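Read through the structure below, which is laid out as structure tokens, and then see the notes.
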Amino acid sequence: MTLNILLNGVVKMRVLVTGFEPYGKENYNPSKEIALKLDGKEINGSKIFGAEMPVSYRRIREALITKIEEIKPQIVINLGLAPGVSYIRVERVAINIMDAGPDNDGYRPIDKPIELNGPPAYFATIPIKKIVKELKENGIPAAISNSAGTFLCNCIMYHTLHYISTKKLKAISGFIHIPYIPRQAAEKERYPPPSLPLTLIERAVKIAIKTSLDSWNEKFMK
Ligand code: PCA
């Protein structure tokens with residue numbers, strides 16, 4: 001692994017942020033917007049790479065692993081939309097199950113494992129409690145979530161953590177569910193669901209990245 005250590009001992013890292021393409025009845029997915037907005041930006045000398053992911057159980061693994069192998073990130077943060085939530089949801093766990101949909105290929109699995117011989121679950125390895133604390137201290141509504149569901153968001157989280165674990169990569173990863181943006185909520189019939197401005201969500205993801213970078217340093221540079 002090539003690591004670029006600066007004179008002051010701070011490691012220049014690479015951060016992969018993924019977001020999803022629109023799916024189902026949604027014609028817009030803010031998670032993709034955030035990933036693409038952050039692409040090329042730097043936080044404390046570490047570079048962010050943003051990537052769009054397909055809402056496809058069958059295509060997600062290859063799309064994700066190709067990016068991880070190309071970028072060789074120390075931090076992977078996967079983002080996805082959680083329709084109807086009012087706050088930033090930092091996920092605790094990914095489970096080895098596919099049971100939702102249909103996805104964008106029309107596939108609707110029932111009780112199918114993501115990895116046939118994989119463990120039942122993986123915990124996020126980014127500092128979820130610290131991230132929620134930082135977000136709240138910055139005035140951003142946030143909480144831990146104990147289930148990322150059984151659709152593509154859970155699936156990408158599981159694939160990322162499984163890959164890092166089996167390849168023994170010096171990397172940490174986690175998943176963050178984000179709400180609708182106001183324009184999307186305004187388009188819904190009758191009572192608009194909760195939403196947060198895109199700029200606020202972007203700030204939240206930057207805070208999560210910064211907190212994760214600190215955590216990586218503590219974990220691997222001691
Ligand atoms: N949200 C879905 C999949 C894609 C996305 O943005 C989910 O929560 O699983």
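Nothing here was measured: the structure is a model prediction, and the numbers come from that model. Both counts, for ligands and for their atoms, begin at 1 and track the order of listing. Just so you know, residue 1 is the first one in the sequence shown, and it goes up from there.
Near Phe151, meaning under 4.0 Å from any of its heavy atoms, are these atoms of ligand 1: 2 (C), 3 (C), 7 (C), 9 (O). Those atoms of ligand 1 with a heavy atom of Gly80 less than 4.0 angstrom away are 6 (O). Atoms of ligand 1 found under 4.0 Å from any heavy atom of Leu81, numbered from 1 in the order shown, are 1 (N), 2 (C), 5 (C), 6 (O), 8 (O). Residue Asn29 approaches ligand 1 through these ligand atoms, each under 4.0 Å from one of its heavy atoms: 5 (C), 6 (O).
Ring pair Trp216/Phe220 is tilted by interplanar angle, where 30° to 60° counts as tilted. Tyr107 and Tyr57 have perpendicular rings, their planes meeting at more than 60° on a 0 to 90° scale where under 30° would count as parallel.
Geometric assessment of Arg183 against the ring of Tyr28 yields a positive cation-pi assignment under the 6.0 Å and 45° thresholds. Annotation: cation-pi geometry not satisfied between Arg14 and Phe49 (NZ/CZ under 6.0 angstrom from ring centroid, within 45° of ring axis).
Shortest contact from atom 5 (C) of ligand 1 to any protein heavy atom: Tyr23 CE2, 3.3 Å. Ranking protein heavy atoms by distance to atom 7 (C) of ligand 1, first place goes to Cys153 SG, 2.7 Å.
Within the structure, every pair that satisfies the salt bridge (Lys or Arg N to Asp or Glu O under 4.0 Å) test and touches residues 117-132, not counting sequence neighbours, is listed here: Lys130-Glu218. Sorted by first and then second residue, the salt bridge (Lys or Arg N to Asp or Glu O under 4.0 Å) pairs with a member in residues 103-112 read Arg59-Asp105, Asp99-Arg108; sequence neighbours excluded.
For ligand 1, one of its N or O atoms has an N or O atom of His177 under 3.5 Å away.
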